[in-house]
Amino acid sequence: MPRPRKPPGPAHSPLQQLGREIRTWRETRGLSVQELADAVGRDRRTITGAEDGRNCPSEAVINRIEDRLQTGGIVLSYYDAVVAEKRLKRLNRGFVRVTAPDASDEDASVFIGETVADGTLMTPGQRFEKTWTIRNAGRVEWTGRFLTRVGIAAGPGLITTPHRTPLPTTAPGDELTIRVPCVAQFVEGTSRAVFKMTDGHDRLYFPQPHYTVGLQVQVTVVREL
């Protein structure tokens, strides 16, 4: 007899969010774990592993889960977010993290605001402009800098952007609004692009641990809005 399962905890990653969504919809449809496993042709460990955020089923299994639970594409969108996160990690491994020779501990940046919130719905290939406003919060003037895409700047399932966007000279204390033209991916699902401040040779400013995230844009493509 299956052991009782704990209620789902908070979801801190796309994989955990996917699992929580599968469990919520399974329970909404009145199905047991075993019934869903039988419906998609897998054992119950596949379902419990997915719902607990430990394992991600294959795309084929996710499609069968969607067919059985009829979530209106919500489970597929969460699965796409998991795939996008894995793709971003692969791209990050290919990004050369060399520090700019004039990087300084007295350099600092503060995020002020942005347009196009994460998760904004778009149609395939939709063109848009993403902006971020940041403040030079350090003691170093920003000169000859760029906002540089982490990883490749175009490809299947990726938001297309310029590789580098030049930044105007910005004095300490001044705010800067960065504008990047973007094209949403042509396949349905969620995609994310990450950027960091570099010099003209892609060498990093702000290599400190608290600047690991950089600036990002994330959109979800659907066929019809």
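Hydrogens, waters and symmetry mates play no part in the numbers below; they use all other heavy atoms, side chains included. Numbering starts at 1 and runs along the sequence shown.
Annotation for Q34: atom CD counts as buried by contact number, over 12 foreign heavy atoms lying within 6.0 Å. The 12-atom threshold is not exceeded at CZ of R45, counting heavy atoms of other residues, nucleotides or ligands nearer than 6.0 Å.
Residues that satisfy the side-chain hydrogen bond (donor to acceptor under 3.5 Å, both in side chains) test with R29, not counting sequence neighbours, are absent from this structure. Every residue meeting the salt bridge (Lys or Arg N to Asp or Glu O under 4.0 Å) condition with E188, not counting sequence neighbours, appears here in chain and number order: R223. The ring-ring contact (aromatic ring centres under 6.0 Å, His included) test applied to W25 returns no partner, not counting sequence neighbours. Looking at residues two or more places apart in sequence or on another chain, you find no side-chain hydrogen bond (donor to acceptor under 3.5 Å, both in side chains) involving Q218. By the side-chain hydrogen bond (donor to acceptor under 3.5 Å, both in side chains) test, R135 is found to be paired with E175, residues two or more places apart in sequence or in another chain being considered. By the salt bridge (Lys or Arg N to Asp or Glu O under 4.0 Å) test, R68 is found to be paired with no residue, residues two or more places apart in sequence or in another chain being considered. By the side-chain hydrogen bond (donor to acceptor under 3.5 Å, both in side chains) test, E141 pairs with T143, sequence neighbours left out. Judged as a side chain to side chain contact (heavy atoms under 4.5 Å, CB included), and not counting sequence neighbours, the contacts of R64 are V40, R42, A60, V61. For D38, there are no salt bridge (Lys or Arg N to Asp or Glu O under 4.0 Å) partners two or more places apart in sequence or in a different chain.
For the residue pair T131/T115, the side-chain donor-acceptor check at 3.5 Å is satisfied. For Y79 and N63, the side-chain atoms include no donor-acceptor pair closer than 3.5 Å. A donor and an acceptor atom, one from each side chain of E21 and T24, are nowhere located under 3.5 Å apart. If you check the side chains of T198 and R203, you find no donor sitting under 3.5 Å from an acceptor.
F111 and V217 fall within the same hydrophobic cluster, defined by Ile, Leu, Val, Met, Phe, Trp and Tyr side-chain heavy atoms under 4.5 Å apart, directly or through other members.
With respect to the salt-bridge test (charged N to carboxylate O, under 4.0 angstrom), the residues D52 and R20 do not qualify. Residues R26 and E51 are paired through a salt bridge, judged by an N-O separation under 4.0 Å between the basic side chain and the carboxylate.
Under the salt bridge (Lys or Arg N to Asp or Glu O under 4.0 Å) criterion, the residue pairs touching residues 108-128 are E114-K130, with sequence neighbours excluded. Residue pairs that meet the ring pair (Phe, Tyr, Trp, His ring centres under 6.0 Å) test with at least one member in residues 175-199, sequence neighbours left out, are W132-F195.
In terms of modelled atom types and a separation under 3.5 Å, the side chain of Q126 and the main chain of V183 share no donor-acceptor contact.
Between I159 and Q185, the shortest heavy-atom distance links the atoms CG1-OE1, 3.6 Å. The shortest non-hydrogen separation linking S191 to L158 is OG-CA, 3.6 Å.
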Give every donor-acceptor pair under 3.5 Å between a side-chain atom in residues 164-174 and any protein atom, sequence neighbours left out.
unit_1	atom_1	unit_2	atom_2	d
R164	NH1	G200	O	3.2
R164	NH1	D202	OD1	2.8
T170	OG1	P168	O	3.0

